[in-house]
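Here's the structure, in structure tokens; my notes come after.
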Amino acid sequence: MAGAKALRRGLTLIELLIACAMVAILAALWFPIFAAARDRARRATCASNLHQLAVAFGLYAADCGALPDSGLFGSNPEGSWVAVPAEYQLQIERGVLWPYVRHSGIYRCPTYAAPASGARLSYAMNHLLGLLPEPAIVAPSRTPLLLEEDARSARGWGLNDGAYLFQPSPAGIDRLATHHSGGGSVLYCDGHIGWAKEMQRNGD
């Protein structure tokens with residue numbers, strides 16, 4: 001009988017509080033590990049997206065003899081990698097790379113936090129490379145082709161328009177993303193992917 005009563009005895013308030021505190025401590029210890037693992041998985045997806053876009057750029061250049069236009073300020077909506085019918089507007093499926101990709105999810109990093117829920121593009125093309133033949137790129141390993149653009153770019157006026165304009169701060173319009181450990185992924189013209197906190201004109 002005494003044993004049965006002992007089995008039926010519940011936790012006291014102190015014991016319950018201690019148990020809750022231990023669970024909270026363990027959760028606090030494990031949360032950064034899970035968050036880091038999730039970020040690594042998203043960065044891997046982002047890198048995969050950039051690799052697939054690199055292949056699409058290469059195929060387009062092989063077919064057409066030059067890279068597509070960057071679409072800066074909507075200047076060439078029918079010939080840019082993503083169509084830009086007007087400034088700070090875009091239509092991914094009308095871009096010249098779409099026949100080589102045909103999957104809109106590739107154009108957006110899963111970590112990208114845009115100010116508008118309709119944002120579909122997180123990468124931007126180096127505007128200096130628009131319509132340039134690949135052999136004309138002098139230092140492909142140091143020249144960025146695609147960069148992760150920050151959601152706060154475009155002077156806060158609009159979303160990423162697909163072109164990365166290199167200008168010194170504070171006049172700079174476009175900024176590199178910071179959602180991957182304070183920086184963003186960069187696809188270089190030789191096909192490799194790097195990480196950077198800021199980007200100079202020549203990509204160094």
Side-chain angles (χ1 to χ4, degrees), residues 36-72 79-82 90 92 95-114 119-151 153 160-169 172-204:
R38 182 178 60 182
D39 182 61
R40 283 194 297 271
R42 289 178 174 175
R43 288 179 69 171
T45 300
C46 181
S48 175
N49 291 348
L50 288 171
H51 276 304
Q52 292 179 74
L53 288 171
V55 171
F57 269 96
L59 291 172
Y60 177 87
D63 289 342
C64 302
L67 293 171
D69 196 0
S70 67
L72 184 65
S80 53
W81 76 290
V82 289
L90 61 94
I92 290 173
V96 296
L97 285 195
W98 180 253
Y100 304 90
V101 180
R102 294 196 175 278
H103 180 36
S104 59
I106 292 173
Y107 291 81
R108 188 178 189 274
C109 172
T111 314
Y112 185 66
R120 304 173 62 204
L121 182 68
S122 59
Y123 308 116
M125 180 183 174
N126 181 351
H127 84 284
L128 299 172
L129 302 180
L131 303 177
L132 192 69
E134 284 191 301
I137 301 173
V138 177
S141 64
R142 295 190 296 111
T143 304
L145 173 59
L146 287 179
L147 306 94
E148 278 196 274
E149 188 170 314
D150 195 283
S153 280
N160 175 12
D161 62 358
Y164 196 95
L165 180 61
F166 290 92
Q167 284 187 329
S169 297
I173 295 176
D174 296 329
R175 291 175 288 192
L176 197 63
T178 58
H179 52 244
H180 290 312
S181 301
S185 299
V186 180
L187 169 67
Y188 290 87
C189 290
D190 67 346
H192 86 275
I193 294 173
W195 175 91
K197 280 191 173 183
E198 58 184 17
M199 186 62 58
Q200 302 299 323
R201 183 181 177 90
N202 63 357
D204 293 341

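This one's a predicted model, so the numbers in the text were calculated from it and none came from an experiment. FYI, the numbering just counts along the sequence from 1.
The two residues His127 and Leu72 make their nearest non-hydrogen contact at CD2-CD2, 4.0 Å. Of all non-hydrogen atoms in Pro144 and Phe166, the two that sit nearest each other are CG-CZ, 4.0 Å. Closest heavy-atom contact between Ala61 and Glu134: CB-OE1, 3.5 Å. Taking all atoms of both residues into account, the shortest heavy-atom contact from Glu149 to Asp174 is OE2-OD1, 3.3 Å. The minimum heavy-atom distance between Tyr100 and Asp63, with the atom names listed, is OH-OD2, 2.7 Å. Here the closest non-hydrogen pair linking Met125 and Phe57 is SD-CE2, 3.8 Å.
Donor-acceptor pairing under 3.5 Å is recorded for the side chains of Glu148 and Ser185.
Between Leu90 and Tyr107 the shortest side-chain heavy-atom distance does not fall below 4.5 Å. Looking only at side-chain heavy atoms (C-beta outward), Leu176 and Val186 come within less than 4.5 Å of each other. Leu145 places none of its side-chain heavy atoms less than 4.5 Å from the side chain of Asn126.
Tested against Ile92, the residues Ile106, Val101, Val82 include a single side chain to side chain contact (heavy atoms under 4.5 Å, CB included) partner, Val82. The side chain to side chain contact (heavy atoms under 4.5 Å, CB included) test with Tyr60 singles out one residue from Val55, Leu97, Leu67, and that residue is Leu97. The only member of Ile193, Leu129, Leu53, Asn49 that meets side chain to side chain contact (heavy atoms under 4.5 Å, CB included) when paired with Leu146 is Leu53.
To the nearest 0.5 angstrom, Cys109 atom SG is 3.5 Å from His180 atom NE2. Separation of atoms NE2 (His51) and SG (Cys46) is listed at 10.0 Å; rounding is to 0.5 Å. The SG atom of Cys64 lies 10.5 Å from the CG atom of Leu131; values are rounded to the nearest 0.5 Å.
Judged by distance alone, the side chain of Asp150 and the main-chain N or O of Arg175 form no donor-acceptor pair under 3.5 Å. In this structure, the side chain of Thr143 does not engage the main chain of Cys189 through any donor-acceptor pair within 3.5 Å. Listed for the Trp195 side chain is no donor-acceptor partner under 3.5 Å among the backbone atoms of Ser181.
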